[in-house]
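Below: the structure, in structure tokens.
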Amino acid sequence: MRSRTDEIAGERRQLINVAYRLLGSVTEAEDAVQDAYARWYGLPRSRQEEIRSPGAWLTTVTSRICLDLLGSARARRERYVGAWLPEPLPDRTEWDHAGGADPTGPADPADQIVLDESVAMAFLVVLESATPAERVAFVLHEVFRYPFAEIADVLGRTPAACKQLAASARRRVGAARAPVPATGHAEVVRHVKRAWEAKDIAALVSLLNPAAVMTADGGGLVGTVLHPVEGGVRIARYLVAIADRAPGLELVERSVNGVPGLVAQHSGVVLTVASFDVSDGRVSRIWAVRNPEKLRPWTREV
């Protein structure tokens, strides 16, 4: 029979999953969960025993911490150098298959995150347009199926108000297309990889929507474009220019947040993780994360 201590420790995976979807950052998610656990263990034993569901208590506290972080994140991101993108997540099973993962290494919070449509880069980017309260209401209800009565306790609002917040966020998310099947997506990404390696601008242009947009996140720590590159032709030329400036750059097909993407590495060092949104057989969006602080889960050999 599981002890209560084991039960509480076993909530960490769920809490990390909630926090990452709320914050879009593995590091911040881990910090939020650690803070929630610190608050739990800071309670008097008598108060802990009064709490019938430690898991629900921890989820509520973690969500409140995330709500506060989301509020302050907007101000921080105004000072961020260039565009801010969520931290990309690897699929560790691909690395295990490639022999790159070290099963004896320290546990990585990213390994605990379930890869599904609610962590796809397109989904997380759209959520960035929601207010903090909308995001919390939507993620807790739509993704984790928490009732509005419990969400009301997190947000300090009525269940009816929380329902309206979730509906507002749902309208924002609904504006984003559903992802294409992984098979079609993977084929398009593979063609992009080959055209990029061949420095074939014409082939790249044919694979890109004429109105495609590429956003890069370097955080001011590495060189990259500070503003989105718009238009298929401009993106194609930019990708080829990158290849010209970085001889020996290797592109590897890897899942990014559960969706086929590309990892660019040089001499075994991961430099860029690229996610793609595909519509009607063409790439409509590219999100390229280059900030090394966001690539820590990718530091093992791909």
Side-chain angles (χ1 to χ4, degrees), residues 4-5 7-43 47-48 50-77 84 86-87 89 108-121 123-173 257-258:
R4 204 170 204 216
T5 301
E7 177 187 348
I8 292 165
E11 295 292 332
R12 179 175 294 275
R13 180 184 178 91
Q14 171 77 351
L15 297 174
I16 289 288
N17 274 274
V18 170
Y20 174 76
R21 286 162 175 80
L22 290 177
L23 299 172
S25 165
V26 177
T27 305
E28 290 183 354
E30 173 70 353
D31 288 345
V33 172
Q34 290 287 80
D35 191 357
Y37 272 105
R39 296 185 190 188
W40 168 264
Y41 288 114
L43 294 175
R47 175 66 182 118
Q48 290 180 358
E50 290 174 357
I51 297 173
R52 288 183 296 177
S53 174
W57 187 93
L58 285 165
T59 299
T60 296
V61 172
T62 298
S63 299
R64 287 175 178 166
I65 293 169
C66 291
L67 180 64
D68 290 341
L69 287 171
L70 285 169
S72 61
R74 296 204 164 191
R76 293 199 311 275
R77 289 170 192 172
W84 185 96
E87 290 184 28
L89 293 173
D108 189 326
D111 295 347
Q112 302 181 56
I113 298 173
V114 176
L115 301 176
D116 59 24
E117 64 277 4
S118 67
V119 298
M121 190 65 71
F123 183 86
L124 294 177
V125 169
V126 170
L127 278 183
E128 285 295 308
S129 65
T131 68
E134 286 174 344
R135 185 164 183 165
V136 170
F138 178 83
V139 168
L140 290 181
H141 182 70
E142 298 292 329
V143 179
F144 294 99
R145 302 302 176 189
Y146 281 85
F148 287 118
E150 292 183 21
I151 298 171
D153 192 34
V154 173
L155 295 177
R157 308 193 187 193
T158 65
C162 293
K163 186 175 183 180
Q164 290 181 341
L165 288 168
S168 177
R170 191 183 307 114
R171 286 192 292 271
R172 297 178 193 270
V173 174
N257 289 57

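Sequence positions, counted from 1, serve as the residue numbers for this chain.
Residue I16 is tested with V26, V33, V114, D111 for a side chain to side chain contact (heavy atoms under 4.5 Å, CB included); the sole match is V33.
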>> Evaluate I51 against L43 for side-chain contact (heavy atoms from CB on, under 4.5 Å), listing each step before the verdict.
In response: CA-CA 11 Å; I51 297 173; L43 294 175; 3.8 Å; yes
> Taking it one step at a time, do D116 and R21 satisfy side-chain contact (heavy atoms from CB on, under 4.5 Å)?
Replying inline: CA-CA 11 Å; D116 59 24; R21 286 162 175 80; 3.3 Å; yes
> Checking side chain to side chain donor-acceptor pair (under 3.5 Å) for the pair N17/R13: CA distance, chi angles, key distance, verdict?
Replying inline: CA-CA 6 Å; N17 274 274; R13 180 184 178 91; over 6 Å; no
> Would W57 and E11 count as a side-chain contact (heavy atoms from CB on, under 4.5 Å) if you check the C-alpha gap in whole Å, the side-chain angles of each, and the deciding distance to 0.1 Å?
Replying inline: CA-CA 11 Å; W57 187 93; E11 295 292 332; over 6 Å; no
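With hydrogens and angles disregarded, no donor-acceptor distance shorter than 3.5 Å links the side chain of Y20 to the backbone of P109. Judged purely by atom type and a 3.5 angstrom limit, S63 uses its side chain to pair as donor or acceptor with the backbone of T59. The closest donor-acceptor contact from the side chain of R12 to the backbone of Q34 lies at 3.5 Å or more, if one exists at all. For the pair Y37 (side chain) and L58 (backbone), a donor-acceptor distance under 3.5 Å is absent.
Heavy atoms only, all atoms of each residue included: A32 and L23 are closest at CB-CD1, 4.4 Å. In terms of heavy atoms, S129 sits closest to R172 at O-NH1, 3.1 Å. Considering every non-hydrogen atom in both T62 and A36, the closest pair reads OG1-CB, 3.2 Å. Contact detail for L67 and A133: the closest heavy-atom pair is CD1-N, 3.9 Å. L89 and A110 get closest at one heavy-atom pair: CD2-CB, 3.9 Å. When all heavy atoms of L124 and V119 are compared, the closest pair comes out as CD1-O, 3.5 Å.
Of the inter-residue distances, the one linking E142 atom CD with S118 atom OG reads 11.5 Å to the nearest 0.5 angstrom. Here the CD1-OG1 distance, from I65 to T60, works out to 11.0 Å after rounding to the nearest 0.5 Å. The distance from the SG atom of C162 to the CG atom of L155 is 4.5 Å, given to the nearest 0.5 Å.
Inter-residue side-chain proximity for E128 and R135 is flagged as met; some heavy-atom pair is nearer than 4.5 Å. Inter-residue side-chain proximity for V139 and L127 is flagged as met; some heavy-atom pair is nearer than 4.5 Å. Between P86 and M121 the shortest side-chain heavy-atom distance falls below 4.5 Å.
Under the 30°/60° scheme for interplanar angles, the aromatic rings of F138 and F123 are found to be tilted.
In the displayed structure, R157 atom CZ is contacted under 6.0 Å by at most 12 heavy atoms of other residues, nucleotides or ligands.
Residues D153 and R64 are paired through a salt bridge, judged by an N-O separation under 4.0 Å between the basic side chain and the carboxylate.
D68 is linked by a salt bridge (charged side-chain N to carboxylate O under 4.0 Å, His left out) to nothing, counting only residues two or more places apart in sequence or in another chain.
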